[in-house]
Q: 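Dropping the structure in here first, questions after.
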2 protein chains.
Amino acid sequence: MATFKTRAQYVADDLRERILGGEFKGGSQLRQDALARDYDVSRIPVREALLTLESEGLVEFHAHRGAFTTELSVAAIRELFDLRVLLETYVLRYAIPNLTTADLDHAGSVLRQYDAALDSGSQIDNWSDYNFAFHHALYAPSGLPETLAMIGQLNTKSGRYIRMQLVYTREIEKAELEHRELLELARNGKVEDACRLLERHIKDAAEGIAAVLEKNLRSA
Amino acid sequence: MATFKTRAQYVADDLRERILGGEFKGGSQLRQDALARDYDVSRIPVREALLTLESEGLVEFHAHRGAFTTELSVAAIRELFDLRVLLETYVLRYAIPNLTTADLDHAGSVLRQYDAALDSGSQIDNWSDYNFAFHHALYAPSGLPETLAMIGQLNTKSGRYIRMQLVYTREIEKAELEHRELLELARNGKVEDACRLLERHIKDAAEGIAAVLEKNLRSA
DNA sequence: GCCATAGGGATTGCATACAATATCCAGATT
DNA sequence: AATCTGGATATTGTATGCAATCCCTATGGC
């Protein structure tokens, strides 16, 4: 069952990280030839990787002109975060009654890892993964894999902006406190309180990002 | 503007129709070589088309074994339809207050076209498109393009089963009546009634599909 | 001076050809 | 008899090279 990974998948994974990490600003062109040299592969797996990223909403193809990183409007970002509120509170409602002590322990350990990473001053790249891992740990017991997949899509598509907001506003600590609170509410089966907190948690992030984007727009 | 369509896109569009139309039953292998001969292209655009369909959830790649059409479990189908209820009532709430007379006329004309197609005894292939066109006409004024895109994804992914249910249960006429009723409620701004009807409309379809699938399972 | 337009250059999109991997089945081994 | 091994075969995954398309610029007409 060797987890064989094609070169196309490897390129897609790495390129996704680079895009989400902010290496390519919105609208920049991704030339197949250059990427092929970067990864020391031919243009075929690069094309396939770009197609995958297109389906994830991270790049756009313009016929015979190449792939460009997408640039989301403020309105689109708000919309994506509203969708996250809708879907994530939906799964959380299903998940909380199903939470086992093992699930709670797992979520707790993710939080501790995250603390450790924070204290050691490690990079933000990792934080985003931890953040998703924590949310996923809470949602997984919902037993709704299709819904979780859509939530994952939303996270990927908006991931670049989440990181940006964290860099600019340093709200990591606040998010961290909210995570602890959320876990506690989940542990005690307070479904409605947890959903309310989650909603605020997501909406606050959206407002933070919108504020940053609008400031950038004005200065540009 | 450029109506240029790559061969990969052409193959993807056609193959999607064939899969949704039921030409390939669940789990059947799609060999690149055979498809390439079918479409008189090389395997490269075929591979790209298959990747696109993979991202839409219609096929799955098994490394070095090729692409297979996906087979959704009954649970997955129920989950997808529950998601449709959640997202479609969500956009409908936003759309109804924004509906212009032009929007209503457009939705009405879609329904009339659909009637005409029904009377002329034309194929079901077209019905699915009309169905989606009608729903889309109602939802578009919501001004939520990202959400509409996700709804489109859900429709694609479950499309094969929707057609199957229609073939088996001949519920087209019932759906048609509900569409007319839905349009009337929307016209009169009855948001809550419209959402309730829409919810039942979608859930009934889901139950019909689940019934057919479970019967097939038992006979297999 | 401004718009249309043709040719050069750059980049993509695709066909061909080859390399890599999984499956299958025969034969050996316990 | 059941399981393991290994090579043959089928199919995918990728490299290379070429043709098609678009952008850009320069030139000509008004």
Side-chain angles (χ1 to χ4, degrees), chain A residues 1-19 23-71 156, chain B residues 1-20 23-71 156-157:
Chain A
M1 215 38 188
T3 60
F4 179 81
K5 213 169 166 185
T6 65
R7 295 171 207 217
Q9 287 169 326
Y10 179 82
V11 173
D13 289 343
D14 193 83
L15 200 49
R16 185 185 304 108
E17 278 309 307
R18 290 171 73 185
I19 293 173
E23 179 171 338
F24 305 99
K25 296 304 173 185
S28 50
Q29 186 175 12
L30 300 172
R31 258 173 292 157
Q32 298 175 2
D33 211 0
L35 290 173
R37 271 196 303 275
D38 268 14
Y39 291 103
D40 197 32
V41 298
S42 81
R43 279 174 37 232
I44 299 287
V46 170
R47 275 185 68 77
E48 295 187 353
L50 289 172
L51 279 169
T52 300
L53 297 179
E54 182 191 31
S55 76
E56 296 173 3
L58 295 180
V59 309
E60 273 175 357
F61 273 79
H62 296 225
H64 287 279
R65 292 194 41 227
F68 298 78
T69 57
T70 55
E71 198 153 23
T156 301
Chain B
M1 201 52 197
T3 65
F4 180 81
K5 213 170 169 185
T6 65
R7 293 170 210 221
Q9 288 170 326
Y10 179 82
V11 172
D13 289 343
D14 193 82
L15 200 49
R16 176 171 30 247
E17 279 309 306
R18 290 170 73 185
I19 292 174
L20 292 179
E23 180 172 339
F24 304 98
K25 296 305 173 184
S28 49
Q29 186 176 12
L30 300 172
R31 259 172 292 159
Q32 298 175 4
D33 212 1
L35 290 174
R37 271 197 302 275
D38 268 13
Y39 291 103
D40 197 33
V41 298
S42 82
R43 278 172 40 232
I44 300 288
V46 170
R47 276 185 67 77
E48 296 186 354
L50 289 172
L51 280 169
T52 300
L53 297 179
E54 182 191 32
S55 77
E56 296 172 4
L58 295 179
V59 309
E60 274 176 357
F61 273 79
H62 295 226
H64 287 280
R65 293 195 40 228
F68 297 78
T69 56
T70 54
E71 200 154 22
T156 301
K157 199 165 177 180

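So that the names make sense, note that chain A is the first sequence line, chain B the second, and so on, each numbered from 1.
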Q: Checking the side chain of A/Thr70 only, and the main-chain atoms of A/Leu58 only, is there a donor and an acceptor separated by less than 3.5 Å?
A: yes
Q: Round to a whole Å and report the spacing from CZ of B/Arg7 to P of D/dT21.
A: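 One finds 8 Å between P of D/dT21 and CZ of B/Arg7, rounded.
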Q: Round to a whole Å and report the spacing from CZ of B/Phe68 to C1' of C/dT23.
A: 11 Å
Q: Between A/Gln29 (CD) and D/dC23 (P), how many Å, whole number?
A: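 My rounded result for the distance is 11 Å.
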Q: Return the set of residues passing side-chain hydrogen bond (donor to acceptor under 3.5 Å, both in side chains) with B/Asp14 (not counting sequence neighbours), or none when no residue passes.
A: B/Tyr39
Q: From CZ of B/Arg47 over to P of C/dG13, roughly how many Å is that when rounded to an integer?
A: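 One finds 16 Å between P of C/dG13 and CZ of B/Arg47, rounded.
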Q: Quick check on DNA chain D: between A/Ser42 and A/His64, whose nearest nucleotide comes earlier from the 5' end?
A: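 So the residue in question is A/Ser42.
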Q: May I ask you to evaluate whether A/Gln32 reaches the phosphate of C/dG13, defined as a side-chain N or O under 4.0 Å from OP1 or OP2?
A: yes
Q: I need the CD1-C1' distance between A/Ile44 and C/dG13, as an integer number of Å.
A: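 Rounded to the whole Å, the gap is 9 Å.
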Q: Roughly how many Å is it from CZ in B/Phe61 to P in C/dT21, rounded to a whole number?
A: 18 Å
Q: Check this one for me: any side-chain N or O of B/Arg65 less than 4.0 Å away from OP1 or OP2 of D/dT12?
A: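 It does not, given that no N or O in the side chain of B/Arg65 lies less than 4.0 Å from OP1 or OP2 of D/dT12.
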Q: B/Arg37 CZ to C/dA15 C1': how many Å, rounded?
A: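 Rounding to the nearest Å, CZ of B/Arg37 and C1' of C/dA15 are 15 Å apart.
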Q: Rounded to whole Å, how long is the line connecting atom NE2 of A/His62 with atom C1' of D/dC22?
A: 13 Å
Q: Hey, are the side chains of A/Arg18 and A/Asp38 touching, using non-hydrogen atoms and a 4.5 Å cut-off?
A: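 Yes, side chains in contact.
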Q: Is B/Arg31 near enough to D/dT11 that one of its side-chain N or O atoms lies under 4.0 angstrom from OP1 or OP2?
A: yes
Q: Do B/Arg43 side-chain and D/dG13 base share a donor-acceptor contact under 3.5 Å?
A: yes
Q: Under the 3.5 angstrom rule, does the side chain of B/Thr69 hit a backbone N or O of B/Lys25 as a donor-acceptor pair?
A: yes
